Amino acid sequence: MKAYNPHEIEPRLQLAWEEAGLFRSPDDSPAPKKYVLEMFPYPSGDMHMGHASNYTYGDVVARYAKMQGFDVLHPMGWDAFGLPAENAAVKHHSHPAIWTYENIETQKKSFSRMGFSYDWDRKVVACDPEYYRWGQWIFLKFWERGLVERRNSPVNWCPSCATVLANEQVIEGKCWRCDSEVEKRDLTQWYYKITDYAQELLDDLDQLTGWPERVKQQQANWIGRSEGANVDFILCDAEGNAPDAPTAEDIITVFTTRADTLFGCSFFVLAPEYAGLADLVAGTEYEQPVMELVEAAKKVSAVERAQGDHEKHGAFTGRYVVNPINNEKVPVWVADYIVADYGTGAVMAVPCGDTRDFEFARKYDLPIIPIILPEDDPLYPQLAGEQGRVVTEVDWPEAYAAEGILVQSGEYTGMKGGKHSEGEAAIVAALEEMGRGKRTVEFRLRDWLISRQRYWGNPIPAIHCPACGVVPVPEEDLPVRLPEDIDLAAGETLATHAGFAECTCPVCGGLARRETDTMDTFTCSSWYYMRYTDPHNIHAPFDSAKANAWMPVDQYIGGIEHAILHLLYSRFFTKVLRDLGLLDFDEPFTNLLCQGMVLDAHGDVMSKSKGNVVSPEEMIAEYGADAVRAYILFLGPPEKEKLWNEDGLPGMYKFLNRLWRQVHDLVGKAGDETLFQEAPAPEVAVKAAQKLARERHRVVQKVSADIERHNFNTAIAAIMELSNATGEYLRAFSPEARAACEDHIALDGEVAETLVKLMAPFTPHLADELWQKALGNEGFAYGQPWPEFDPEQAKADEVELAVQICGKVKARIMVAADAPEADVLVAAREAVAAAIEGKAVKKEVYVPGRLVNIVAV
RNA sequence: GCCCGGGUGGUGGAACGGCAGACACGACGGUCUCAAAAACCGUUGCCGAAAGGUGUGCGGGUUCAAAUCCCGCCCCGGGCACCA
């Protein structure tokens, strides 16, 4: 027997797999399909632990599916556009493509060295013009459908990255990539109208039964649907006189989810960025303080805003509006706690029912009108009978935002109040009746800002013509290629590049200017998984028949950090491409596995700057890829965060060595390395053989179930148990004794083959080597039929039962597995006879195969 | 503030409401060795010499039986957040 040497067998088998084209996926085959996909990486340099674990999980799922008889699509590619490549280019006075492609080669080698079963013929690289041209094509299709918009609005600007960012890329007021504070700027930018799909993106979360609940929750939060109503307030003079026939200029609309509290509205607030604000105060004594507030609000950084309990600032505009429900005159204020781009940017303030309005009212001494409170509130009896409008006489301690009973609310007094309440419905109905209100729904989700002022991205295929306006690049002119001669180190950009922007208008033929913004890299990752189904197509992004055949992805695996960003964008793309008639399904990813972060031993995120990055390469160099794979899998459930600690790695290597020996021993090829030492008593030996035969069935059953629910750690633990049973067995029978007996030869062969096949998804090199050299087979364990099991044969003839008295274990008995209940109870009583002596047995509970519980007092 | 997760030995982690701690790591003891390594065998939640007791963040409850279900807290992690 040769010793287990991963450093020799692993590279040799990787080459053999490649030569055999083992992982190539067929385009059409009658077998059922399984599309297993891991999120493609950004080519940042070396493979890190996050990659290693993520891709190991995927590889197990893919290899297991293959052994289950599925046609498997298991591709890999690179999310190759992005800022780090530009930074590297500046640093090394080179081109982003050089850095990117070098890193891709490095990572590809690392992935191969891990033994991942990718179909490299389907590799997709996002910065390849053959790929990004179709991203441009999709942009044009979105445009045709009215899903592209170019508009001026306040946007998030990262000064360090020198580009705008999408809402999803701002984390607590900071840039998702570089952590710099984000600024607000008014700029004209390109948007994908993802809000058109807000409702469907929310509704279809229910379809995603194979997704983790927390991811769906996060998406629902992000989409943030609120049901409510728009209510029109009308500008009036200081005496409360409003025009009888108000025009659009006289109306200010608010969005509210709490129309039931309309009687409690004691002031009215506009956002500092409210469009008509300047006109409202122009030329009045209020203009100066209001404009000062507007200026001050601009200076408050997003980070400060994000910090929460920010002190509120406001100013009176000198104007009034009329509350449509009771014709009361209400002062109009401007305040920095109102968000301009949510709802209408104007709010009816109800201090008694809203903590923010309450704080503001206290600070500026505005009236607080109690109109809702719980029935058991001490103030309730007083206010419920109150006919007038108590304002200051009642000491209102804090805002009451929950459900309650309406008081001092005219004909609605006594109704239930709260979100979606009786009172809310009644008041909205009344407003609708008088033409001053309308049911509506607001979403927190904003349109996706896709333009970036960066070079290393997919150019937006648009042309600015002085005569025709903004026009699309004709399809036949795609791709708009990135110019290769650019000197980023010298500060050159697409906008300043000589030649790139120059073009002629495709409509009028006149001199025009090409759009110089590129698209957010997340546009590239929103459809790459479709390209894998047809990666070499030069006529379309993909052939619909091929995409529909392979898609949706059966198992998607990636980091939790993409819970919103990538996964939401991809769902949006899928729905639009479906509406374009290119796809026949609604959701791209049927099942989603989100792996937890791999952290260092102290629980910190691994990063180059912290110098705590653990490289899988060194571990592979010492113990081989199979040991690293198995150890990663054994560490715990994939969803959980992993504090990296490699103390157990040598133990896993030891296990693989033991397995190697055992398989050789079972098939009579161990030579001097046989585990047999000294024959025990015959009945001990027989039991070891019986147990091994049973364990083989039980473990196959358990490993299959565990892989299917992604409990790889317990699957490996079960294989260890089979190995332990094998060890006992091999110690009990000499190789000669086993070779002389047909029954032994049969059992030995079955167990050896089972061990090899069970290990195949986890440690594919070891399995293939044993498959060929120890078991003497042709080909590879990869793709061999997964072992069968018989649940009946997994059962033991005799079982040990715990005997409890009142739930406490007092004894253990051995009984035949099929013993009648009466016999078992007799045996149980005997076993604890002394303890129940003189007590009355009130009840006996028998759980077959587990325990007997005797309730005796 | 709202919404999700999660608290189990020295460590990673197991446990369809049914013997808590599977499987490992580590530690300790042993076999083999001149010795060490490797390999193999055994012990290992805690207290206790033992009998026994005790034990899954804390306090209650349901149940013959609770890590698991219910109620009330405490701590840790994540998401959303002046979103009306």
Side-chain angles (χ1 to χ4, degrees), chain A residues 171-172 212-224 226 228 254-258 261 269 271 305-312 335-350 353-357 359-360 401 442-446 560-561 563-564 596-597 601 603 631 634-637 639-652 654-655 657-658 661 673 675 677 702 711 713-721 723-724 727 731 800-812 842-856:
Chain A
I171 317 290
E172 287 181 350
E213 210 49 48
R214 59 174 168 160
V215 174
K216 289 191 277 185
Q217 205 84 42
Q218 279 185 40
Q219 292 214 354
N221 262 344
W222 188 259
I223 295 167
S226 285
V254 296
F255 171 73
T256 178
T257 58
R258 293 297 303 277
T261 64
V269 207
R305 272 174 190 259
Q307 234 100 65
D309 45 276
H310 193 72
E311 186 172 345
K312 297 169 178 48
D336 57 3
Y337 73 97
I338 306 304
V339 179
D341 57 353
Y342 182 77
T344 60
V347 158
M348 63 172 219
V350 181
D354 182 284
T355 46
R356 297 152 302 184
D357 297 343
E359 262 176 54
F360 193 79
E442 280 290 332
F443 291 94
R444 218 193 66 94
L445 182 70
R446 303 294 144 80
I560 185 68
E561 64 274 17
I564 294 171
M597 302 263 281
Y631 183 59
F634 191 60
L635 223 43
E639 305 84 357
K640 241 190 123 160
E641 272 186 357
K642 288 163 279 282
L643 299 191
W644 186 255
N645 170 339
E646 55 190 89
D647 293 349
L649 183 54
M652 184 55 75
K654 250 161 61 177
F655 169 64
N657 270 288
R658 191 158 61 235
R661 255 178 97 178
E673 314 255 357
L675 289 148
Q677 283 168 338
K702 170 131 181 80
N711 287 1
N713 56 332
T714 52
I716 291 177
I719 299 174
M720 286 172 169
E721 288 178 282
S723 164
N724 289 344
R731 281 198 298 281
E800 190 188 71
L801 298 183
V803 183
Q804 300 179 326
I805 296 176
C806 296
K808 297 266 181 202
V809 180
K810 295 291 177 186
R812 291 167 200 288
K842 296 182 89 173
K843 190 171 183 177
E844 287 168 320
V845 182
Y846 171 45
V847 185
R850 297 198 182 269
L851 54 75
V852 175
N853 189 11
I854 299 170
V855 186

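Just so it is clear, the structure is predicted and the values come from calculations on it, not from any experiment. Worth knowing before you read on, the calculation uses all heavy atoms, side chains too, and leaves out hydrogens, waters and symmetry mates. The chains referred to below are lettered A, B, ... by the order of the sequence lines, with proteins before strands, and numbering in each begins at 1.
- In the set B/G18, B/A24, B/C82, the nucleotide with an atom closest to the side chain of A/Arg658 is B/A24.
- Here A/Phe634 lies in heavy-atom contact (under 4.0 Å) with a base.
- Cation-pi check for A/Lys312 over A/Tyr337 is met; the charged atom lies under 6.0 angstrom from the ring centroid and within 45 degrees of its normal.
- Between A/Val803 and A/Lys810 the shortest side-chain heavy-atom distance does not fall below 4.5 Å.
- For B/A84, neither phosphate oxygen OP1 nor OP2 lies less than 4.0 angstrom from any side-chain nitrogen or oxygen of A/Tyr337.
- Not a single donor-acceptor pair, N or O on each side, falls under 3.5 Å between the base of B/C80 and the side chain of A/Asn221.
- Counting to the nearest Å, the P atom of B/C25 and the CG atom of A/Leu649 are 12 Å from each other.
- Of the listed nucleotides (B/G13, B/C82, B/U54), B/U54 has the atom at the smallest distance from the side chain of A/Lys808.
- In this structure, of B/C4, B/C82, B/A22, it is B/A22 that holds the atom nearest to the side chain of A/Thr714.
- Side-chain N or O atoms of A/Arg214 include none that pairs as donor or acceptor with a backbone N or O of A/Ala563 at under 3.5 Å.
- Closest to the side chain of A/Ile564, out of B/C23, B/G18, B/C80, is B/C80.
- To the nearest angstrom, C1' of B/C23 lies 7 Å from CE of A/Met720.
- Put simply, the side chain of A/Asn853 gets close to the backbone of A/Cys806: a donor and an acceptor are under 3.5 Å apart.
- Atom P of B/G59 sits at a distance of 15 Å from the matching atom of B/U54, rounded to the whole Å.
- As judged by a 4.0 angstrom heavy-atom cut-off over every strand, A/Pro637 is placed among residues touching the sugar-phosphate backbone only.
- OP1 or OP2 of B/A14 sits under 4.0 Å from a side-chain N or O of A/Asn713.
- Among the heavy atoms of the strands lying under 4.0 Å from A/Lys640 are primed sugar atoms or P, OP1, OP2 only; no base atom is included.
- Looking only at distances, no side-chain donor or acceptor of A/Asn711 sits under 3.5 Å from a matching main-chain atom of A/Thr714.
- Within 4.0 Å (heavy atoms only), A/Asp647 reaches sugar-phosphate atoms of the nucleic acid but no base atom.
- With a glycosidic angle no more than 90° from 0, B/G9 adopts the syn conformation.
- Rounded to whole Å, atom P of B/C4 lies 14 Å from atom NZ of A/Lys216.
- No donor-acceptor pair under 3.5 Å is formed between the side chain of A/Arg661 and the backbone N or O of A/Leu675.
- A/Lys654 comes within 4.0 angstrom of the backbone, heavy atoms only, and of no base.
- Using a 4.0 Å cut-off, some side-chain N or O of A/Ser226 falls inside it from OP1 or OP2 of B/A84.
- Comparing atom distances between the A/Trp222 side chain and each of B/A81, B/A14, B/A84 picks out B/A81 as nearest.
- Nucleic acid contact for A/Thr355: none, since no nucleic acid atom lies under 4.0 Å from a heavy atom of the residue.
- With a 4.5 Å cut-off on side-chain heavy atoms, A/Thr261 and A/Met348 count as touching.
- Taken from CD in A/Gln219 to CG in A/Leu445, the straight-line distance is 10.0 Å, to the nearest 0.5 Å.
- Heavy atoms of A/Val855 sit under 4.0 angstrom from primed sugar atoms or phosphate atoms, though from no base atom.
- Summarising the geometry, the separation between OH on A/Tyr342 and C1' on B/C82 is reported as 13 Å, rounded to the nearest angstrom.
- Contact check for A/Arg658 versus A/Ser723: side-chain heavy atoms found under the 4.5 Å cut-off.
- Residues A/Ala802 and A/Arg258 each lie close to RNA chain B; by heavy-atom proximity, the contact nearer the 5' end of the strand is made by A/Ala802.
- Within the nucleic acid shown, A/Arg214 comes within 4.0 Å of sugar-phosphate atoms alone, with no base atom in reach, counting heavy atoms only.
- Within the nucleic acid shown, A/Glu844 has no heavy atom closer than 4.0 Å to any nucleic acid atom.
- For A/Lys312, taking side-chain heavy atoms from C-beta onward, the closest of the listed nucleotides B/G18, B/G77, B/C82 is B/C82.
- Counting non-hydrogen atoms under 4.0 angstrom, A/Leu635 reaches the backbone sugars and phosphates but no base.
- With rounding to whole Å, A/Met348 atom CE is found 20 Å from B/C82 atom P.
- Of the candidate nucleotides B/C82, B/G18, B/A81, B/A81 has the atom nearest to the side chain of A/Arg444.
- With pairs defined as Watson-Crick or G-U wobble and both atom distances under 3.5 Å, the stems of at least three pairs that touch RNA chain B come out as B:1-7 with B:74-80, B:10-12 with B:23-25, B:26-31 with B:39-44, B:45-47 with B:52-54, B:57-61 with B:69-73.
- A 4.5 Å side-chain heavy-atom check between A/Lys640 and A/Leu635 finds every atom pair outside the cut-off.
- Within 4.0 Å (heavy atoms only), A/Asn724 reaches sugar-phosphate atoms of the nucleic acid but no base atom.
- Both A/Ile854 and A/Lys810 lie near RNA chain B, and the one whose nearest nucleotide falls closer to the 5' end is A/Lys810.
- Rounded to whole angstrom, the span from the NZ atom of A/Lys642 across to the P atom of B/G77 amounts to 19 Å.
- Listed candidates were B/G18, B/A84, B/C40. Nearest to the side chain of A/Gln804 is B/G18.
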